[in-house]
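Notes to accompany the following structure.
Computed from a prediction, not measured in an experiment: that's the story for all the values here. Lettering of chains follows the sequences in order, A, B, ..., and the numbering in each one begins at 1.
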2 protein chains.
Amino acid sequence: METKGFEHHDHHHCIATSLRTVEEACKAQGLQFTPVRRRVLEILLDEHRAMGAYDVLDVLRKEGLGSQPPVAYRALDFLVANGFAHRIERLNAFVACTAPGERHAPCFLICRACSAVAETPGRRASDALRSAAGELGFKVERVAIEAEGLCPACVEAGA
Amino acid sequence: METKGFEHHDHHHCIATSLRTVEEACKAQGLQFTPVRRRVLEILLDEHRAMGAYDVLDVLRKEGLGSQPPVAYRALDFLVANGFAHRIERLNAFVACTAPGERHAPCFLICRACSAVAETPGRRASDALRSAAGELGFKVERVAIEAEGLCPACVEAGA
DNA sequence: GGATCGCATGTTATGATATAACGTTCGCGG
DNA sequence: CCGCGAACGTTATATCATAACATGCGATCC
């Protein structure tokens, strides 16, 4: 896994690849990759930024795929629960996972100026946290590691 | 700084000590430790758990110290901004800092069974995150590191 | 085939969290 | 005394999230 979010990349290609990976993962695990769930993932992949549940819902509405909050939340919950998307606690928002299928402990770097969100490997930070927790007898199930600051572009612009 | 939250301790003493420390810090930095701000910190210290802004507000209401959300949010913002309390993103809630005044990068261990929250030093995890971010040119300003799982007591009880 | 079940979805209603905007108070320095 | 800034009071509203119940639909069992 590599960091994604601040550099340019072949977006069309990365969407297609992610979708295919998730499709296969669902088939392998017996999960239903339904039209709404698929479309929500596509929306997150298209935007490639953190989106609120209501942002996603707006798109679904225009397409006649659902109009009430639970529709969006259920699809997002499914994607998050299975590691196909992540929830950014700081923003109450969601992003598509950049490495679906890979076991990983993502960290998020959130730009407070332009709202870009990058996902970066959080292995070391996560290990440090788990070992500290283990010493206390705390059983870690999920970890959220998020940094807020300025992305390279905004550092440059704002300087 | 040491971990606090899962073990017993002299609560009365720890409240008094924290209050005094914050009082002095405010005086030293020219910050106004007003009655509402002080009372909100006391409330957080009393409970010694994560409280929502509206939980705090309920207490303020009963005491005639304020009745509208902005009153609670403003006091909480002040405490968080100055390191006297922390915001738990995962819970949209607040806790009093267990080591006000000390420079620290706290991690939070959140028990999903009993909702206890422990604050533990996050130096290593935070350093790992900062160094990963630095390599990308991202300028970190704030870090949130939160683990959800089971506290020692609930591991024992639930096993 | 039809009964039944599980799971996803549709819908209504409401709950929970948070802030914009503007007015008022009060202490402090000019 | 006046002007200023910081905190506080109040109204209104924005934003995020879920409880609860109804509907549809394919799989399975007999």
Strictly under 3.5 Å: I want the nitrogen or oxygen pairs between protein and nucleotides 4-7 of chain D, one per line.
from	atom 1	to	atom 2	distance (Å)
dA6(D)	O3'	Q32(B)	NE2	3.3
dA7(D)	OP1	R37(B)	NH1	3.2
dA7(D)	OP1	R37(B)	NH2	3.4
dA7(D)	O5'	R37(B)	NH2	3.2

Exercise. Between atom CG in L76(A) and atom P in dA8(C), what is the gap in whole Å?
Worked result: 15 Å

Problem set entry | Whether Y73(B) stacks on the six-membered ring of dT19(C) base, 5.5 Å and 30° limits | no

Exercise. In whole angstrom, what separates D58(B)'s CG from dA16(C)'s P?
Worked result: 11 Å

Seminar exercise, completed: Quick note, salt bridge (Lys or Arg N to Asp or Glu O under 4.0 Å) partners involving residues 90-100 of chain B, not counting sequence neighbours, are E89(A)-R90(B), R90(B)-E148(B)

Exercise. Does R38(A) make a side-chain N or O approach to OP1 or OP2 of dA8(C) shorter than 4.0 Å?
Worked result: no

Exercise. To the nearest Å, how far apart are L60(A) CG and dA8(C) P?
Worked result: 17 Å

Problem set entry | Candidates dT11(C), dT10(D), dC16(D) - which lies nearest the side chain of R74(B) | dT10(D)

For this session: Measure the distance from CE on M51(B) to C1' on dA16(C) and round it to the nearest whole Å.
Result: 15 Å

Seminar exercise, completed: Between A75(B) and R87(A), whichever has its closest DNA chain D nucleotide further toward 5' is A75(B)

For this session: Flag the pair E42(B) and R38(B) as a salt bridge only when some basic side-chain nitrogen lies within less than 4.0 angstrom of an acidic carboxylate oxygen.
Result: yes

Problem set entry | Phosphate OP1/OP2 of dA17(D): any N92(A) side-chain N/O under 4.0 Å | yes

For this session: When you get a sec, tell me which of dT18(D), dT9(C), dA21(C) is the closest nucleotide to the side chain of P69(A)?
Result: dT18(D)

Seminar exercise, completed: Members sharing L60(A)'s hydrophobic cluster, built from side-chain contacts under 4.5 Å between Ile, Leu, Val, Met, Phe, Trp and Tyr, are I15(A), L19(A), V22(A), L31(A), F33(A), V36(A), V40(A), L41(A), I43(A), L44(A), L45(A), M51(A), V56(A), V59(A), L65(A), V71(A), L76(A), F78(A), L79(A), V80(A), F84(A), F94(A)

Exercise. side-chain hydrogen bond (donor to acceptor under 3.5 Å, both in side chains) with E24(A): which residues, sequence neighbours excluded?
Worked result: none

Exercise. Relative to each other, are the rings of H48(A) and H11(A) parallel, tilted or perpendicular (30° and 60° limits)?
Worked result: tilted

Problem set entry | Rounded distance (Å) that lies between atom P of dA16(C) and atom CG of L91(B) | 15 Å

For this session: Provide, to the nearest angstrom, the distance between the CD atom belonging to E89(B) and the C1' atom belonging to dC16(D).
Result: 14 Å

Exercise. With R61(B), which residues qualify under salt bridge (charged side-chain N to carboxylate O under 4.0 Å, His left out), at least two apart?
Worked result: D58(B)

For this session: Go through dT17(C), dC8(D), dC16(D) for me and flag the one nearest to the Y54(B) side chain.
Result: dT17(C)

Residues 122-130 of chain B, side-chain donor-acceptor partners within the protein, below 3.5 Å, at least two apart:
from	atom 1	to	atom 2	distance (Å)
R124(B)	NH2	S131(A)	OG	3.2
S126(B)	OG	R130(B)	NE	3.4

Exercise. Which of these nucleotides, dT18(D), dA20(C), dG10(C), is closest to any side-chain atom of V71(A)?
Worked result: dG10(C)

Exercise. Can you check the D55(A) CG to dC16(D) P distance for me, whole Å?
Worked result: 7 Å

For this session: Find the distance L57(A):CG to dT12(C):C1' and express it as a whole number of Å.
Result: 15 Å

